Amino acid sequence: MGLLRVMMPPKLQLLALLAFAVAMFLLENQIQKLEESRGKLERAIARHEVREIEQRHTQDGLRERDSAVALSDGEDDLVIIYNRVPKTASTSFTNIAYDLCGKNHYHVLHINTTKNNPVMSIQDQVRFVKNVTEWREMKPAFYHGHVSFLDFTKFGVKRKPIYINVIRDPIERLVSYYYFLRFGDDYRPGLRRRKQGDKKTFDECVSAGGSDCAPEKLWLQIPFFCGHYSECWNVGSQWALDQAKYNLVNEYMLVGVTEELEDFVMMLEAALPRFFKGATDLYKTGKKSHLRKTSEKKPPTKESIAKLQQSAIWKMENEFYEFALEQFQFVRAHAVREKDGELYLLAQNFFYEKIYPKN
């Protein structure tokens, strides 16, 4: 062979090398195709195994659930608590829950506290926890009300309710609440409000240093998420801010923002169809979803905004809002995509494989 290689003309040697290179390329290409085929086959086998396991469980006597609204075997025991912050589009969102409860077969209960006090007495806390966990006739249930976060684990509860909420830019929320107290809204236009008759604008209030527009009035979203601890309601408490952030991340399934309410509704429908199947279409087309609007509201001037932003309280409430917004956008980025101006949910992006034992 060595003698033949030496005697072979250079052109033939070059052709031989090219032929060898082409053969190696084709071989590697075939190997790659085989690897891809093997991967597809393994995934197909894994999906087949999952279907077999599901069929065996069905044959063993487990009841089938309606796949359109199924969440888990305990879906009929689900409880959602929406401890709504005032003037964050909470009524608009709650109306969606009321519109869907008949069709999706769950109960909606309004938590009406005396004088809208967001802090419950210890005895009422016990009663509320007992109702939420043991009131089987009301399950599945959607509770809503202006109540601060309540930690169910302190009462020995093993299965906690699902918390959700919506927050808003703190100055925009305060401005909306200021005019709501004076002029009401188009939800119940005939109802007399606490500050009715006071025609002073928000800007005039800020300029005069009024109490209804003082920075202390911004302190609301932090204590609502912080909960039933005394320090939560100490205006300007760093501990309260830290606790509110902790609860938002660890105790709430999803917290949306008023400015992006449609995205919030869409993600809830995808995650909790037992309650929110049909919510996105209802939000887009239903009259009630856009019903409540504060009357006679005038946007504040840049001077009024700048004056409020000088306060340490605004800085803390805004820090919490920005924290919540960043978390919401992070969750949304892993759940939703935009195409041609329309939002759509991402398909399931995981599956099971290598399931053993085989029998």
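This one's a predicted model, so the numbers in the text were calculated from it and none came from an experiment. Position 1 is the first residue of the sequence, and the numbers go up from there.
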Checklist line | Residue list, side chain to side chain contact (heavy atoms under 4.5 Å, CB included) with Gln125, at least two apart or on another chain | finding: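 For Gln125, the residues satisfying side chain to side chain contact (heavy atoms under 4.5 Å, CB included) (neighbours in sequence not counted) are Met120, Ile122, Leu150, Phe155, His228.
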Only pairs under 3.5 Å count here: list side-chain donor-acceptor contacts from residues 138-147, not counting sequence neighbours, and write none if there are none.
from   : atom 1 : to     : atom 2 : distance (Å)
Lys139 : NZ     : Thr133 : O      : 2.7
His144 : ND1    : Arg84  : NH1    : 2.9
His144 : NE2    : Tyr98  : OH     : 2.9
His146 : ND1    : Arg84  : O      : 2.8

Donor-acceptor contact present, side-chain [X] to main-chain [Y], <3.5 Å:
{"X": "Arg274", "Y": "His105", "value": "yes"}
{"X": "Asp203", "Y": "Ser304", "value": "no"}
{"X": "Gln221", "Y": "Arg168", "value": "yes"}
{"X": "Tyr178", "Y": "Thr201", "value": "yes"}
{"X": "Trp233", "Y": "Gly227", "value": "yes"}
{"X": "Arg173", "Y": "Pro86", "value": "yes"}
{"X": "Asn250", "Y": "Tyr246", "value": "yes"}

Next item on the list: Only pairs at least two apart or in different chains count here, so list each disulfide (SG to SG under 2.5 Å) that has a residue in residues 214-250.
Entry: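 Those involving residues 214-250 are Cys226-Cys232.
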Taking C-beta and beyond as the side chain, do [X] and [Y] meet within less than 4.5 Å on heavy atoms?
{"X": "Gln327", "Y": "Val255", "value": "no"}
{"X": "Leu241", "Y": "Phe323", "value": "no"}
{"X": "Tyr106", "Y": "Leu100", "value": "yes"}
{"X": "Leu272", "Y": "Met253", "value": "yes"}
{"X": "Met316", "Y": "Ile313", "value": "no"}
{"X": "Asp212", "Y": "Leu181", "value": "no"}
{"X": "Asp77", "Y": "Arg136", "value": "yes"}
{"X": "His334", "Y": "Leu346", "value": "no"}

Please tabulate, one pair per line, all N/O donor-acceptor pairs under 3.5 Å involving side-chain atoms of residues 256-264, not counting sequence neighbours.
from   : atom 1 : to     : atom 2 : distance (Å)
Thr258 : OG1    : Thr88  : O      : 2.8
Thr258 : OG1    : Ile167 : O      : 3.4
Glu259 : OE1    : Tyr321 : OH     : 3.1
Glu259 : OE2    : Asp169 : N      : 3.4
Glu260 : OE1    : Arg332 : NH1    : 2.5
Asp263 : OD2    : Arg332 : NH1    : 2.8

Check: Looking at Phe180, does the NZ or CZ of Lys87 lie under 6.0 angstrom from its six-membered ring centre and within 45 degrees of the ring axis?
Finding: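 The answer is yes, since Lys87 meets both limits relative to Phe180.
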Check: Just checking, Lys154 and Phe152: is the charged tip under 6.0 Å from the six-membered ring centre and within 45° of the axis?
Finding: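 Geometry flag: not set, cation outside 6.0 Å or 45°.
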As an exercise, state the distance from [atom1] of [X] to [atom2] of [Y], rounded to the nearest 0.5 Å.
{"X": "Leu268", "Y": "Tyr283", "atom1": "CG", "atom2": "OH", "answer": "12.5 Å"}
{"X": "Ile222", "Y": "Asn318", "atom1": "CD1", "atom2": "CG", "answer": "9.5 Å"}
{"X": "Ile81", "Y": "Asn165", "atom1": "CD1", "atom2": "CG", "answer": "11.0 Å"}
{"X": "Leu26", "Y": "Ile31", "atom1": "CG", "atom2": "CD1", "answer": "11.0 Å"}
{"X": "Lys277", "Y": "Lys103", "atom1": "NZ", "atom2": "NZ", "answer": "8.0 Å"}
{"X": "Ile305", "Y": "Phe202", "atom1": "CD1", "atom2": "CZ", "answer": "8.5 Å"}

Next item on the list: Starting from the C-alpha separation in whole Å, work towards a yes-or-no answer on side chain to side chain contact (heavy atoms under 4.5 Å, CB included) for Phe128 and Thr113.
Entry: CA-CA 11 Å; Phe128 180 63; Thr113 60; over 6 Å; no
Checklist line | Pairs flagged by salt bridge (Lys or Arg N to Asp or Glu O under 4.0 Å) wherever residues 305-321 is involved - sequence neighbours left out | finding: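 Applying salt bridge (Lys or Arg N to Asp or Glu O under 4.0 Å) to every pair that reaches into residues 305-321, excluding sequence neighbours, yields Lys245-Glu319.
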Which pair of non-hydrogen atoms, one from [X] and one from [Y], has the smallest distance, and what is that distance?
{"X": "Ile96", "Y": "Ala279", "answer": "CG2-CB, 3.9 Å"}
{"X": "Glu231", "Y": "Asn234", "answer": "OE1-ND2, 2.8 Å"}
{"X": "Cys213", "Y": "Leu308", "answer": "O-CD2, 3.5 Å"}
{"X": "Val85", "Y": "Leu220", "answer": "CG1-CD2, 4.2 Å"}
{"X": "Val119", "Y": "Asn117", "answer": "N-OD1, 3.0 Å"}

Next item on the list: Could you tell me how the ring of Tyr82 sits relative to the ring of Phe93: parallel (under 30°), tilted (30 to 60°) or perpendicular (over 60°)?
Entry: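 It falls in the perpendicular class, over 60°.
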Next item on the list: Using the ring pair (Phe, Tyr, Trp, His ring centres under 6.0 Å) rule, pick out the option among Tyr163, Trp219, Phe320 that qualifies with Phe225.
Entry: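 Passing option: Phe320.
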Check: ring-ring contact (aromatic ring centres under 6.0 Å, His included) with Tyr229: which residues, sequence neighbours excluded?
Finding: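 By the ring-ring contact (aromatic ring centres under 6.0 Å, His included) rule, Tyr229 matches Trp239.
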Check: Taking the six-membered ring for Trp, are the ring centroids of Tyr352 and Phe350 within less than 6.0 Å of each other?
Finding: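 Yes, ring centres under 6.0 Å apart.
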Next item on the list: Determine whether more than 12 heavy atoms belonging to other residues, nucleotides or ligands lie under 6.0 Å from atom CD of Glu326.
Entry: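 It does not: Glu326 CD has 12 such atoms or fewer within range.
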Check: Can Arg127 and Asp124 be counted as an ion pair, charged N to O under 4.0 angstrom?
Finding: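 Yes, Arg127 and Asp124 are salt-bridged.
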Next item on the list: List the steps and the verdict of side chain to side chain contact (heavy atoms under 4.5 Å, CB included) for Ile80 and Phe276.
Entry: CA-CA 11 Å; Ile80 295 175; Phe276 297 106; 3.9 Å; yes
